[in-house]
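Reviewing the structure listed below.
Because only heavy atoms are used, hydrogens play no part in the values below, and waters and symmetry mates are left out as well, while side chains stay in. Remember, it's a predicted structure, so these values are computed and weren't measured experimentally.
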Amino acid sequence: MELERPVRWGGLAALLAGVLLVVSELLRLYIDLVDPNLYGSIFVFNGVLGLLLSVLVQLGLVGLYARQAGAAGTLGLVGFVLAFIGVNLSMGASFVDTFAKPVVWPWEDPEYFERTVAALAIFAPGFVLGWVLFGVATLKARVYPRASAMLLIAGALILLLPLPLGGLVFAAALAWMGYVLFTGRDGEVSQPTRA
């Protein structure tokens with residue numbers, strides 16, 4: 001089997017992950033602004049969506065990296081590893097939300113917030129740093145459009161801010177790069193340089 005075919009499927013995974021991230025962001029905004037009680041009824045669905053997103057982002061990341069591995073150099077490898085670990089850490093909460101029915105809703109337990117804040121203090125900077133480094137290596141590798149790599153960097157940094165729809169920029173960059181990888185269009189044709 002050619003290496004190109006699984007890599008292209010990684011592009012489809014990244015594209016789907018970007019689309020699902022947009023859906024997730026819009027759903028979260030709707031719940032926050034219109035119907036906060038809706039969260040209790042979609043708790044399991046939200047966990048399944050989070051689990052599916054984690055898997056798709058991991059597969060997409062592998063495909064995006066495989067396409068530029070030679071040109072991305074050490075910086076790309078470090079960014080890939082950090083981003084991959086960050087996605088793995090995020091999958092833990094999604095897995096628990098999906099398959100474990102809590103006795104009380106997590107937000108009713110004060111210790112839940114303490115654990116969540118501690119986990120996010122470790123997870124968020126590593127996740128963001130990984131994607132930023134991956135984006136910088138992508139800029140230097142010139143395999144994907146420069147604008148998509150810059151959007152990925154900006155989107156990862158925006159994730160650190162508690163903004164409504166803060167994940168849309170990251171989602172758009174992921175979907176764009178996935179589209180380019182899956183279709184083989186709009187990639188930069190210039191000579192790749194080592195990062």
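- Of all heavy-atom pairs between Pro164 and Leu29, the closest is CB-CD1, 4.0 Å.
- With Leu133 as the fixed residue, the side chain to side chain contact (heavy atoms under 4.5 Å, CB included) test singles out one of Ile153, Val128, Thr138, Val78: Val78.
- A distance of 6.5 Å separates CG of Leu174 from CG of Leu64, quoted to the nearest 0.5 Å.
- Here the shortest heavy-atom pairing between Gly135 and Ala149 reads O-CB, 3.8 Å.
- Here the CH2 atom belonging to Trp9 is positioned 9.5 Å from the CG atom belonging to Leu16, to the nearest 0.5 angstrom.
- By the criterion of side-chain heavy atoms lying less than 4.5 angstrom apart, applied directly or through intervening Ile, Leu, Val, Met, Phe, Trp or Tyr residues, Leu163 is grouped together with Val169 in one hydrophobic cluster.
- The side-chain heavy atoms of Leu82 and Phe134, taken from C-beta on, include no pair separated by under 4.5 Å.
- In this structure, the side chains of Pro145 and Val180 come closer than 4.5 Å at one or more pairs of heavy atoms.
- Both Leu160 and Met150 are members of a single hydrophobic cluster when ILVMFWY side chains are connected at heavy-atom separations under 4.5 Å.
- Here the closest heavy-atom approach between residue Ala175 and residue Gly18 is recorded as CB-CA, 4.0 Å.
- Between Leu75 atom CG and Leu139 atom CG the span is 10.0 Å, to the nearest 0.5 Å.
- With rounding to the nearest 0.5 angstrom, the CD atom of Glu25 is 10.0 Å from the CG atom of Leu27.
- Aromatic ring centres of Tyr179 and Trp176 lie farther apart than the 6.0 Å criterion allows.
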>> Test side-chain contact (heavy atoms from CB on, under 4.5 Å) on Leu61 and Trp131; report intermediate values, then the result.
In response: CA-CA 10 Å; Leu61 178 61; Trp131 282 101; 3.5 Å; yes
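- Nearest approach of Ala14 to Gly178, heavy atoms of both residues: CB-CA, 3.7 Å.
- For the pairing with Leu20, the side chain to side chain contact (heavy atoms under 4.5 Å, CB included) check across Leu53, Leu15, Val57 returns one residue only, Leu53.
- Linking Ile, Leu, Val, Met, Phe, Trp and Tyr whenever their side-chain heavy atoms come within less than 4.5 Å puts Val81 and Tyr65 in one cluster.
- For the atom pair CD (Gln58) and CD1 (Ile85), the distance works out to 11.0 Å, reported to the nearest 0.5 Å.
- Summarising the geometry of Val143 relative to Gln68, their closest heavy-atom pair is CG2-CB, 3.7 Å, with the distance given to 0.1 Å.
- Ala13 and Gly60 get closest at one heavy-atom pair: CB-N, 3.7 Å.
- If you chain together hydrophobic residues whose side chains sit under 4.5 Å apart, Leu56 and Val19 never meet in one group.
- A distance of 6.0 Å separates CG of Leu26 from CG of Leu165, quoted to the nearest 0.5 Å.
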